[in-house]
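In what follows, a single structure is set out as structure tokens and then discussed.
Within every chain, numbering begins at 1; the chains are lettered A, B, ... in the order of the sequence lines, protein sequences first and strands thereafter. As the structure is a computational prediction, the values presented were derived from the model and not from experiment.
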2 protein chains.
Amino acid sequence: MATLHELSEFRRPLPINLANRPTASNCDDCGARHSGLCNVLSEDELEFLTRAAQRVSLAPGTVFVEEGEKAAYFYNINQGNVRLFKSLPDGRRQITGFAGPGYFLGLAAGDNNAFSAEAMDGVKLCRFSRPTLLAVFEELPVLERKLLNVAMHELVLAQQQMLLLGRKTAIERIASFLLSWAERLEICPAGRLPAPNAVMKLPLSRTDLADYLGLTIETVSRSLSQLKRDGIIDIPNIHEIILIRPRALSEIAEAAI
Amino acid sequence: MATLHELSEFRRPLPINLANRPTASNCDDCGARHSGLCNVLSEDELEFLTRAAQRVSLAPGTVFVEEGEKAAYFYNINQGNVRLFKSLPDGRRQITGFAGPGYFLGLAAGDNNAFSAEAMDGVKLCRFSRPTLLAVFEELPVLERKLLNVAMHELVLAQQQMLLLGRKTAIERIASFLLSWAERLEICPAGRLPAPNAVMKLPLSRTDLADYLGLTIETVSRSLSQLKRDGIIDIPNIHEIILIRPRALSEIAEAAI
DNA sequence: ATACGGTTTTGATCCATATCAAAAGGAATA
DNA sequence: TATTCCTTTTGATATGGATCAAAACCGTAT
């Protein structure tokens, strides 16, 4: 079995790292958090898959998937962050998700892309042409299994987001978001609460946050301020949140009665 | 190749019919619209799959999947309609989708179900225990491919719904819904507009509609009334809509500028 | 340090949709 | 036909969050 480290940037740029989210375990070799196919593929198989990919670097702000265009590729993020979104002609925007290192992208597409994708910072990724990856399935059925799991997990998240967007109040949306972001950063295991006073980086603008939560930036700001006033969170700076009382946050998020 | 008709209720109750939506083509044998695995599986394989299923009949109102419970089964609807939803403790409800004959259910689940499912009318379905179906994958990899396609299609729909819930106005939501429902009923091909004056059955209560669109029943009613006043639709009775000017509906739905 | 441009926060007001209330419609039953 | 019950529509009012406006903040350049 190849470890991810053997395929990592130290030896070869932009390794394959197919997963929908980083795992909780750190790499034995390099200490960083990796995940994905290295657990289920042999080195030969990884080699095979790697050859099917093109490596791409993107400048911040690059829109590399355009909603409505013919879906040509799947992507696997190796470095940086990406926002996925849909837009209306008058400029209204709904961010449908964020993708970071390890995330696999491009499942939400029939013949055409259902979403656009934009690099939030410097991004490096592997790009697979769709026909190529579908051909690879024949050789690596385990890949198909993996992708099905990724898609199923995305569906769970999508349904959570529908509940949030359709039925939660502003403050409930913010509270829900903060907790789900903590899970994403693996500050806590999925379904568990972070420890009190956990510190969390939040590398998103208020605009991104608003467009993800179906609110305006003003409402996002006001809700965060209120949680701070109530002593539930602290905001030492724009891109950092301290979850002082995660339990209270959770009660707001789940609308506990 | 077995046709679906050979496996249909005339010969054997509750045939397997794995698909996420009916196809546009009618069955040569019985005229009804079927779809799914019959196109890709041999009769032996269908037989194999059918043996892995339990047939179940459900009375209207039966909740047969409970959000948060251990995910034990996948389901394939053969008859009737199902609503999928998530709830908050205080009773707020978000319907995440509707499933009719031919739909495959249960992908939005990790260890636990992400949603609840309730029979809207008399429902007949096939139930597969999750371990069993996963075992079947070994024998029928094509099934996994099929399910991946179903999941990808669900993701496209989920992202559409996020845009609707996060960023569209009440009247835009109603217009979008009417057009997507027309597609679902195959009154028009996907991505195309229905013909002017197309008639459409709408077997949903205003409450279901409101909970699907993130609105109240009053706002749903008012928006429908306005579209009627404007001569864009007609509502001969509660469960029937005439799409008088689909083009106008589409302009509202897509917020054309 | 100061000035500048962008982002975020806070404040004041407005409005789309929710909420509350009542009337109208429709199906089932007496 | 009249009665009841439930759903839907319409009307009146309230409100959460949007919009408009200005101040505070923050990083960068001068």
Side-chain angles (χ1 to χ4, degrees), chain A residues 60-61 83 88 90-95 120-121 164-178 201-230 232-241 252-253 255, chain B residues 60-61 83 88 90-95 120-121 164-178 201-230 232-241 252-253 255:
Chain A
R83 76 187 131 238
L88 291 172
D90 62 4
R92 278 174 285 172
R93 183 177 74 156
Q94 179 66 40
I95 293 182
M120 297 169 74
D121 43 27
L164 181 150
L165 293 170
R167 288 304 185 204
K168 289 190 181 178
T169 65
I171 197 125
E172 288 165 357
R173 295 182 199 203
I174 295 288
S176 303
F177 168 78
L178 291 176
K201 287 256 179 268
L202 190 62
L204 304 177
S205 70
R206 297 298 185 246
T207 302
D208 279 341
L209 211 36
D211 284 348
Y212 183 53
L213 299 178
L215 300 169
T216 59
I217 53 172
E218 293 95 331
T219 300
V220 167
S221 180
R222 273 186 250 272
S223 303
L224 285 169
S225 298
Q226 185 182 329
L227 289 173
K228 182 175 176 177
R229 259 200 313 284
D230 296 347
I232 294 173
I233 64 173
D234 194 19
I235 312 176
N237 68 69
I238 304 282
H239 293 301
E240 204 165 295
I241 305 267
I252 294 170
Chain B
R83 75 187 132 238
L88 290 171
D90 61 5
R92 278 174 285 172
R93 183 178 72 156
Q94 179 65 40
I95 294 182
M120 297 169 75
D121 43 28
L164 181 150
L165 293 170
R167 290 304 186 203
K168 289 190 180 179
T169 65
I171 197 126
E172 289 165 356
R173 294 182 200 202
I174 295 287
S176 303
F177 168 78
L178 291 176
K201 286 257 180 267
L202 190 62
L204 304 176
S205 71
R206 296 297 185 247
T207 301
D208 279 341
L209 212 35
D211 284 348
Y212 183 53
L213 299 178
L215 300 169
T216 59
I217 52 171
E218 293 94 332
T219 299
V220 167
S221 180
R222 274 186 249 272
S223 302
L224 285 169
S225 298
Q226 185 182 328
L227 289 173
K228 181 175 174 177
R229 260 198 313 283
D230 296 347
I232 293 173
I233 63 172
D234 194 20
I235 311 176
N237 68 71
I238 304 281
H239 293 301
E240 203 165 295
I241 305 268
I252 294 171

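Under the rule for a side-chain hydrogen bond (donor to acceptor under 3.5 Å, both in side chains), the partners of D90(A) that lie at least two apart in sequence or sit in another chain are R92(A). Applying the side-chain contact (heavy atoms from CB on, under 4.5 Å) rule to Q226(A) yields the partners I171(A), R229(A), D230(A); only residues at least two apart in sequence or on another chain are considered. For S205(A), the side-chain contact (heavy atoms from CB on, under 4.5 Å) partners are T207(A), D208(A), not counting sequence neighbours. Partners of R222(A) under the salt bridge (Lys or Arg N to Asp or Glu O under 4.0 Å) rule, at least two apart in sequence or in another chain, do not exist in this structure. Contacts of R206(A) classified as salt bridge (Lys or Arg N to Asp or Glu O under 4.0 Å), with partners at least two apart in sequence or in another chain: none. The salt bridge (Lys or Arg N to Asp or Glu O under 4.0 Å) check on K228(B) picks up nothing, with sequence neighbours excluded. Here T216(B) pairs with E218(B), T219(B) under the side-chain contact (heavy atoms from CB on, under 4.5 Å) rule; sequence neighbours left out.
When the P atom of dG26(C) is taken as reference, atom CD1 of I235(B) falls 12 Å away, rounded to whole Å. What separates CG of L202(B) from P of dT7(D) is a distance of 16 Å, to the nearest Å.
Within the nucleic acid shown, I238(A) comes within 4.0 Å of sugar-phosphate atoms alone, with no base atom in reach, counting heavy atoms only. S225(B) comes within 4.0 angstrom of the backbone, heavy atoms only, and of no base.
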Check nucleotides 14-16 of chain C against the protein and report each pair of N or O atoms closer than 3.5 Å, with its distance, or say if there are none.
none

Sort me out a list of protein N/O and nucleotides 18-20 of chain D N/O pairs below 3.5 Å, or just none if empty.
from    : atom 1 : to      : atom 2 : distance (Å)
dA18(D) : OP2    : T216(A) : N      : 3.4
dA18(D) : OP2    : T216(A) : OG1    : 3.0
dA18(D) : OP2    : T219(A) : OG1    : 2.3
dT19(D) : O4     : R222(A) : NH2    : 2.9
dC20(D) : N4     : E218(A) : OE2    : 3.0

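Side-chain atoms of P60(A) and M120(A), non-hydrogen and from C-beta on, never get closer than 4.5 Å to each other.
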